[in-house]
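Worksheet: the structure to be examined is printed underneath.
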Amino acid sequence: MFERFTKDARAAVQGAVEVAERERSESIDTRHLVVTLAEGAGRAPAALEACGVRPDDVAALARDAVRRGEVLDADALSAVGIDLDAVSRRADETFGAGALDRAARRSTRRRKHWPFTADARKALELSLREAIRLGDKGIDDRHLLLGVLRADCPGGRLLESALHDAGSDVATLRAAAEQETRAA
Amino acid sequence: MTEKTLVGAAAGDDPTEGLRAVRALRDLADRLETLQVERARQLGWSWQDVADALGVSKQAVHKKHGRRI
């Protein structure tokens with residue numbers, strides 16, 4: 001699959017590894033990819049701009065999310081009767097604001113290799129399928145963006161909320177990215 | 001997934017949702033442990049006190065948290 005990646009797509013994946021290294025992440029997920037897709041020299045930033053979203057803002061949002069560490073699974077916790085918001089509030093009272101996020105970051109060790117999370121691998125896989133669906137030979141950064149949007153992942157949810165705030169939506173971004181794909 | 005269907009799934013027999021809940025619990029427990037151990041140490045608890053409270057050996061707790069605190 002990777003042999004089909006264009007220069008821009010390779011740069012985005014390599015960049016995600018560098019973001020993880022710099023931010024001392026435990027692993028590379030789709031939020032790391034969103035940072036580099038939005039900051040990259042490819043066509044993904046133009047697709048974002050077409051939806052009225054500033055790529056720099058998206059990159060900053062994603063970087064903040066990465067800094068906050070791994071996301072606790074609030075839905076899964078509520079399924080076993082735990083109200084994460086309540087636990088968070090309580091922890092903030094005792095240990096200071098943002099205590100749970102801080103604890104996650106502190107437990108991360110410096111490491112030599114950063115594994116991709118399952119959702120990031122899924123997004124990469126879906127980018128291949130997007131390229132095939134659109135009849136494109138290579139996988140470029142727009143296909144990666146489409147893959148992230150297609151996967152159920154933190155990066156996709158982040159994009160969704162950024163689009164929503166800009167008065168746009170995922171369907172519009174998908175259309176913009178696909179159009180960019182065809183025009184190329 | 002809505003809260004309602006997730007609750008149903010956790011109470012049901014789908015391992016996917018059950019294991020997802022276990023993972024989330026472990027993640028939350030790890031973070032709370034980090035915060036609590038740190039605070040106990042600041043309040044002057046010995047590693048042995050912390051280990052006894054957690055029900056693990058002193059070596060285990062020191063290995064996990066010693067470098068950080």
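Note that these values count all heavy atoms, side chains included, but never hydrogens, waters or copies made by symmetry. Being a predicted model, the structure only gives us computed values, none of them experimental. Residue numbers start from 1 in every chain, and the chains themselves are labelled A, B, ... in the order their sequence lines are given, proteins ahead of strands.
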Salt bridge flag under 4.0 Å for residues D73(A) and R20(B)
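Salt bridge flag = yes for R20(B) with D73(A).
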
Restricting to non-hydrogen atoms, name the atom on A103(A) and the atom on L35(B) that form the minimum distance, rounded to 0.1 Å.
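Smallest interatomic distance, heavy atoms only, reads CB-CG, 3.8 Å.
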
With rounding to the nearest 0.5 Å, note down the distance linking OG1 in T34(B) to CZ in R102(A).
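Between atom OG1 of T34(B) and atom CZ of R102(A) there are 11.0 Å.
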
Interface moiety of L72(A) toward chain B, non-hydrogen atoms closer than 4.5 Å
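Contact with chain B involves both backbone and side-chain atoms of L72(A).
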
Please tell me whether [X] and [Y] are part of a single hydrophobic cluster in this structure, the criterion being side-chain heavy atoms less than 4.5 Å apart.
X	Y	value
L48(A)	L61(A)	yes
L33(A)	L126(A)	no
F5(A)	I132(A)	yes

So which residue, L32(B), L28(B), D30(B), ends up with the most heavy-atom pairs under 4.5 Å with chain A?
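Ranked by heavy-atom pairs under 4.5 Å with chain A, first place is L28(B).
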
Is E33(B) in contact with chain A via its backbone, its side chain, both, or neither, using a 4.5 Å heavy-atom distance?
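For E33(B), neither part sits under 4.5 Å from chain A.
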
Does R10(A), at its CZ atom, have more than 12 non-hydrogen atoms belonging to other residues, nucleotides or ligands within less than 6.0 Å?
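Atom CZ in R10(A) is crowded, with more than 12 foreign heavy atoms closer than 6.0 Å.
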
Flag side-chain contact, heavy atom, 4.5 Å: V22(B) against V80(A)
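They are not in contact (no side-chain heavy atoms under 4.5 Å apart), so the answer is no.
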
